[in-house]
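Proteins get letters first, then strands, A, B, ... in listed order; numbering begins at 1 in each. The figures here come from the full heavy-atom set of this structure, side chains too, leaving out hydrogens, waters and symmetry mates.
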Amino acid sequence: MIHSRPSIFHTIDWWIAGIFIAMLIFGWFSICGASYTYGETDIFSLSSRSGMQLLWIGTALLLGLIIMLLDNHLFDALGYILYGAMLVILFLTIFNPKQIHGSRSWLVLGPVQVQPAEFAKFTTALAIAKFMNSYDFNYNRLRHWAMAFAIVLTPMFLIICQKETGSALVYLAFFLMFYREGMSGAILFSSIAFILYFVIGLKYQDTLIWHSTTSAGTFFVLSLIIILSVIFDYVHSENLSESPLFRQPPLRMLAASLAITLLAILFSAFVIPFNVSIVMTILLILIIIYYCFRGLKEDNKKYLLIAAFALGSAGFFASVNYVMNDVMAPYQRARINVLLGVEEDINGIGYNVHQSEIAIGSGGVLGKGFLNGTQTKLKYVPEQDTDFIFCTIGEEEGFLGCIVVLGLFLALILRLIYVSEQQATRFGRVYGYCVVGIFTFHLLINVGMVLGLTPVIGIPLPFFSYGGSSLWGFTILLFIFLRLDAERKRAIQL
Amino acid sequence: MTDYELSKRSYVLGGVAVTIIAIFVIRLFYLQVISDEYKKYADSNAFLKRSEFPARGVIKDRNNKLMVYNQMTYDLMVVMNDINPSMDTISFCRSLGITKDDFIARMDYIKDRGRNPSYSRFTQQMFYQQLNEKEYCLLEEKMFRYPGFYIQKRAIRQYSTPYAAHVLGEVAQVSAADIEEDNYYQSGDYIGKMGVERSYEKQLRGQKGVHVLLRDARGKIRGAYKGGAMDTPPRAGRDITLGIDAELQERAEQLMKGRRGSIIAIEPSTGEVLCMVSAPSYDPRILTTRKRGEYMKQLQKDKTRPLLNRAIMGQYPPGSTFKPSQALTFMQERILNTSTSYPCAGGFRYKRLKIGCHAHPSPLNLYNAIATSCNGYFCWGLYYMLNNRSRYSSLHEAMSTWRDYMVSMGFGYKLGIDMPGEKRGLIPNAEFYDQAYAGRWNALTILSIAIGQGEVMNTPLQIANQAATIANRGYYIIPHVVKQVEGERLDTTYSERHYTMVDRRYYEHVVRGMRDAVTSGTCRGVKIPGYSVCGKTGTAQNRGGDHSVFMGFAPMHNPRIALVVYVENGGFGADSAVPIAARIFNKYLNHL
């Protein structure tokens, strides 16, 4: 007996599809604004960027439609094959003789240039979903986790070899999914902490605080280590709620440390300037000794772990400083510094960020209006239709336009989380969280860079930045999830 | 952990997303709503500050003859956005005298942001530089047929003679280093690169004005900002009068044709440089043409180094022209007096050291020693000075005293002429020899410096300055090529007298010796009618062929010109340098 199964278009998640369409429209108008040059009046002409983007959008919609019509099991079945094929392509791309913009990541196929790294995201997501969905995947086996990490880190490594560090860093987004699937929060927590040490420590290395000889970078990082260690303790403490907040030992220790540090700063500012970080190092050592002592006395692994975290943090920070100042060649150091925005490279990256802040800032609340932005029109902002597309939105549509775009992204991400949680299979859920992680990471880095908050790493803003490869890549990524989800609902409605 | 507990982690992830967006919104609120700073920056981007260039000052010689002036030239500019795509390129190319390939190549160059970083479709781009009068006339009447093309007038430097290239220098587009050094300059500005154009750049260029214009999102100019209230007018450059005598310069350059070396003449009473020749030279006019780059490359590659101003950058052994300075030092230090005689039979011989000399009567006194340029005499003088332990406690002290005398006469350091690139020459001191000989040296080791050989190096300018000092009987004024800057008082640096450590009376003895050299000694060839010339020849030993040198002044009393002629590989002093010197004196004093 044949049931008439509901059409795939009845069960598709229209929230996500609607946000997707809205983003495509808003994105296309932004590209018109960013790439529009006076004299080229035809925004639909294929010789203009906006015309080309229209072509990409059309083909992307077609791609989405095709994916919706494909058989659901295809994705599971093809997971490893697609992943393997993509690894081969990524490997071959390393030896691509043709360099575009200083990287080998673009493959030229006749009239089109394709960036395989954009497509490797969904193949990796499929493969990791298939792997973690398999029956013998055991959450308690370290070896399985190691294999899962390897699946993610292999394409990342290959992309780094293509000198596309920005695209490679996106693969760190998979760790958000690992966290949801049971990876210890401590790992996520520590890795984020370590990244913070690295960025903050180097960015403020040469800034001095308040009439003292203390490097602001060192000061901030040492403060962070102390604060994070105590938070670590606090979050995992049991029976805390019984005593009043200020009586709780971790918070008291934190308060004491901060008070001593403040005294040291005041002493340095008004009496004799000295290096406050010496005092903080002593405090940190005392805290480590305290946790070691408690851990051994109470035979509690948690305290030893905190001690290890604090010690590891300090060791990591010291070795970063050592490697940066004593091991690396000056040009390597300069490159990292420029990447972090420490060195203002007037004609390079620093200039870009400054100009992008000017463009956005000059937009005001309501913006200057469509096609009326002077900063973007006069080409002060580089890469303004690709990585710096958010500038045009900020300048022409103002604060309100930015809020709308950010609102769309927030809605998309929250909806994706919600739908992922609804998935019946681990395959669907893992894949869904991969999509969540990738969109979140792109949003964080791209908009953060344009606003001068995160290091300058050239990755596109999904559905907004100009370019066929990235638009297709994100569309495939999203629509595979929509297809999986539609099938789930169809199964329910059946 | 149970599945239920893990699913709670979705709230953590949702929280992360909300936090990120919240931070972005706060930052955007600061940038777009609170802060004014970025709007101001944006405004400054929307203004176009266009520079207005004043006319550069002209350069005249001491007799007010124009040497460098401004000439109008016509550049063909193009605005890509306004070009008519169906324009008749064939006839356009024909009127310019270029081929269609040239046209296409030039257009590609302009559009290539890699090579032409300031490219914009809406602004004027340089299509063809410096149309000549004929090309300009041909094109001007047809310009209406080529929309998008404009003819722009621009002033370039022009030289009235092919001479004095090194003194005058040239004007060219600023380099990145120039902009770095002085933020007055912007890319595309012109700056003096060498010679007087460089050293008097600030006076010659004047002060450029600024025209503040409003620019809209199309890059189009919407007129003056606030009706021109923010504009500053340009201030014209100042004219400069040189001490150079253009006719003398011309004669001197012709005399040096085919030779290498330099001629410098100074007016002793003022320190003004009357002529400064460095040979080989080049025609400054070729560097103002469209093919400047090509010629410049040729000049830079030339093995004879025509771009080097040997007069102030060449460092040579002074040879016997150094002897007067020795005579003066020895007299002042009481090592000898005019009645002291030293033997010289074919040179200086002592222990194992031999310094040769030519045939002349022996023994001889100071006047004869200068007149015949006796090597032995001056070697003995320096030997007795350095080994005089009743006057100096050590060899070191004696050597230091000697060096102080040389420095007081203008040797060993830059004199400070108002030209870029002057070299300092070399006057060795005791520490120099300690290093060179690891502390094991004595008077005999270094004796050849007494006759201007060994380690001693002078620039031709320093030798000329010595001639002027002797002519002045004991002082010099720092040589300078610029006599006057319009509307300014000349820097007192160039009017102060610098006295040497030697008294005037000793100079009279040296002057007499140098006069004897002309009447009966080594430079009889420099005699000219009507004036009493004093001179000193030099033959500086050099591996590739001796250099021929003459140093002198005229007339003997109230001298009007001090002169040095240095001819590289010119043989004996009397061979090349002396005949040239005679003709220079004749030209300047007798107008012959």
Does [X] have more than 12 heavy atoms from other residues, nucleotides or ligands lying within 6.0 Å of its [atom1]?
| X | atom1 | value |
| --- | --- | --- |
| A:Tyr418 | OH | no |
| B:Lys142 | NZ | yes |
| B:Glu181 | CD | no |

Which portion of [X] sits near chain B, non-hydrogen atoms under 4.5 angstrom:
| X | result |
| --- | --- |
| A:Leu416 | neither |
| A:Phe390 | side chain |
| A:Ile417 | side chain |
| A:Ile360 | both |
| A:Met183 | backbone |

### Query
Between B:Val16, B:Val25, B:Ile34, which shows the greatest number of heavy-atom pairs under 4.5 Å with chain A?
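Looking at each of B:Val16, B:Val25, B:Ile34 in turn, B:Val25 comes out on top.
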### Task
Count the heavy-atom pairs under 4.5 Å between each of B:Val33, B:Leu31, B:Leu13 and chain A, then report the option with the highest count.
B:Leu13
#### Entry: A:Tyr179 backbone acceptor or donor facing B:Arg9 side chain under 3.5 Å
yes
### Message
I need the single residue from A:Val447, A:Leu443, A:Leu414, A:Leu444 that forms a side chain to side chain contact (heavy atoms under 4.5 Å, CB included) with B:Ile21. Which is it?
### Response
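Among A:Val447, A:Leu443, A:Leu414, A:Leu444, the one meeting side chain to side chain contact (heavy atoms under 4.5 Å, CB included) with B:Ile21 is A:Leu443.
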Would you mind checking which part of [X] comes under 4.5 Å of any heavy atom in chain A, side chain (CB onward), backbone (N, CA, C, O), both or neither?
| X | answer |
| --- | --- |
| B:Val18 | both |
| B:Leu28 | both |
| B:Tyr30 | neither |
| B:Ser35 | neither |

### Task
Kindly write out the residues that satisfy salt bridge (Lys or Arg N to Asp or Glu O under 4.0 Å) with B:Arg198, not counting sequence neighbours, or none if the list is empty.
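Residues passing salt bridge (Lys or Arg N to Asp or Glu O under 4.0 Å) with B:Arg198: B:Asp178.
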### Query
Passes side-chain contact (heavy atoms from CB on, under 4.5 Å), A:Glu181 versus B:Leu6? Steps please.
CA-CA 7 Å; A:Glu181 291 304 312; B:Leu6 280 179; 6.0 Å; no
### Query
ring pair (Phe, Tyr, Trp, His ring centres under 6.0 Å) with A:Phe29: which residues, sequence neighbours excluded?
A:Phe370
### Task
Enumerate by number any residue of residues 419-440 of chain A whose heavy atoms lie under 4.5 Å from heavy atoms of chain B; in the absence of such residues, state 'none'.
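Within residues 419-440 of chain A, near chain B: A:Glu421, A:Tyr433, A:Thr440.
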### Query
Just checking heavy atoms, which of residues 403-410 of chain A are less than 4.5 Å from chain B?
A:Ile403, A:Leu406, A:Leu410
### Message
With a 4.5 Å cut-off on side-chain heavy atoms, are B:Gln32 and A:Glu395 touching?
### Response
no
